[in-house]
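Following: one structure in structure tokens, then a few remarks.
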Amino acid sequence: MRDLDLTSLRLFVAVCEARSIARAAEQQAIVGSAISKRLAALEDTVGTPLLVRRRHGVEPTPAGDTLLEHARGLLARAAQIERDMAGYAAGVRGHVRVMATQSAIAESLADDVAAFLKMPAHRDIRIDMEEAVSTQVLRGVREGGASLGICWDAADLRGLHHWPWRGDHLAVVMPPSHPLARNRRLDFADTLPFEHVSMPPESAVQVMLQRAAALAGAPIKYRVVAATFDAALRVVRSQLAIAILPAELSAPYVEAFGLKVTPLSDPWARRRFAICCRDEQALTPAARLLIEHLVASAQAA
């Protein structure tokens, strides 16, 4: 297995995605016989067939599917290494990879990071931000895929160093004509008779809402599952359902979309975010500077 090389893996992925050696050869600007030779060597290295030749192309065997998944991950990591090293060659002296939830990014993370990068002292620092749900953020930090993670502080932060950051307040977002729109205060239980827009089921908000609904003894009636806040708000504007979203995020849409936003009165509706890392002592100077800036910005706010 020490003989695996990235070029062969890259060609293997190309063939699997094209389902054809000839098409992969065209895409990769290489002759098909050269690809076939590399694939044969790859199968010899791993000791099992990876592709099944069909009349109109090829398809991966079960072993091939497994290798395909690993190969994509290895190639992604190799590409990241290449970008990181290119950054140093171009004079970038610091690189911080941040994974954060959609709520955190929408709250003010993008603005805070932009303010950090505009400082003259930070001109040689580069920051990559990746959006993910809380479980993915924590896994990325624990496995070393991200220098820093930002997620809801009720997530499982055990074993991680963490600092408090900003917060938000969950609210009911609805059309002005909705029966709940006349209320000045709302508990989450008040919304359960009505149809909801759901964010991705694995998101921290949805997990919390499911738990709250179970305690209230009634299910949540989902009409639509939306992948983004913007999509959820557009569903609400179309009067298909209501949504439980951060009030701070929804505020700019109130006038533009003509929506009503009423914060929930439930204690758990006020959320705090946390910045986390795997090992504080192992943080780069650039990551330390970013944490200091984010914490200071949150305290000032």
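The figures that follow rest on heavy atoms only: side chains count, while hydrogens, waters and symmetry mates do not.
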### Task
Would you sort out whether K221 and F194 count as a side chain to side chain contact (heavy atoms under 4.5 Å, CB included), showing the intermediate values?
CA-CA 7 Å; K221 301 175 182 178; F194 302 94; over 6 Å; no

Under 4.5 Å between side-chain heavy atoms, hopping through other hydrophobics if needed: is there a path connecting [X] to [Y]?
X	Y	result
V205	V225	no
V13	V58	yes
L233	L209	no
L74	L50	yes
V31	L39	no

Distance alone, cut at 3.5 Å: any donor-acceptor contact between the side chains of [X] and [Y]?
X	Y	value
D111	S108	no
S8	R38	yes
S103	R271	yes

### Task
Kindly determine whether T262 and R184 satisfy side-chain hydrogen bond (donor to acceptor under 3.5 Å, both in side chains), including the steps that lead there.
CA-CA 7 Å; T262 302; R184 300 186 62 179; over 6 Å; no

### Shared-cluster residues of M99, by chain and number - hydrophobic side chains joined below 4.5 Å
V137

Using a strict threshold of under 4.0 Å (side-chain N to carboxylate O), is an ion pair present between [Y] and [X]?
X	Y	answer
R54	E59	yes
E17	R23	no
R166	D168	no

Return yes if some donor-acceptor pair links the side-chain N/O of [X] with the main-chain N/O of [Y] below 3.5 Å, else return no.
X	Y	answer
E248	H169	yes
S238	V235	yes
E43	L51	yes
D266	W268	no
Q206	P200	no
R19	C16	yes
Q28	A25	no
T191	D187	no

Show the nearest heavy-atom pair for residues [X] and [Y], with the distance to one decimal.
X	Y	value
V96	S147	CG1-CB, 4.0 Å
D65	P60	OD1-CG, 3.2 Å
V295	P164	CG2-O, 4.2 Å
A216	L192	CB-CD1, 3.8 Å
A241	H196	CB-C, 3.6 Å
P263	A171	CA-CB, 3.5 Å

### Task
I would like to know whether V197 and I242 meet side chain to side chain contact (heavy atoms under 4.5 Å, CB included); could you show each step before the answer?
CA-CA 6 Å; V197 181; I242 62 175; over 6 Å; no

### Query
Got more than 12 heavy atoms from elsewhere within 6.0 Å of CZ, R53?
yes

### Message
Looking at R288, I'd like to know if its CZ atom is crowded, meaning that more than 12 non-hydrogen atoms belonging to other residues, nucleotides or ligands lie closer than 6.0 Å.
### Response
yes

Hey, are the side chains of [X] and [Y] touching, using non-hydrogen atoms and a 4.5 Å cut-off?
X	Y	value
H122	L290	no
R97	L148	no
L109	L294	yes
V113	M129	yes
V236	P175	yes
M174	L259	no
I21	S36	yes
Q210	I220	yes

Any chance you could measure [X], atom [atom1], to [Y], atom [atom2], to the nearest 0.5 Å?
X	Y	atom1	atom2	result
L67	T45	CG	OG1	10.5 Å
E195	R223	CD	CZ	5.0 Å
R270	S265	CZ	OG	10.5 Å
I275	D153	CD1	CG	11.5 Å
N183	H178	CG	NE2	10.5 Å
L245	Q102	CG	CD	9.0 Å

### Message
As a quick check of understanding, evaluate side chain to side chain contact (heavy atoms under 4.5 Å, CB included) for W152 and T101, giving each step before the final call.
### Response
CA-CA 8 Å; W152 186 30; T101 62; over 6 Å; no

### Task
Please determine which of F116, W165, W163 meets the ring-ring contact (aromatic ring centres under 6.0 Å, His included) test together with H293.
F116

### Query
Can you check side chain to side chain contact (heavy atoms under 4.5 Å, CB included) on L186 and L180, steps first, answer last?
CA-CA 8 Å; L186 287 169; L180 292 177; 3.9 Å; yes

### Task
Validate the cation-pi geometry between R237 and F257: distance from NZ or CZ to the six-membered ring centre under 6.0 Å, angle to the ring axis within 45°.
yes

### Query
Checking side chain to side chain contact (heavy atoms under 4.5 Å, CB included) against F188, which of L170, V172, L215, I244 comes through?
I244

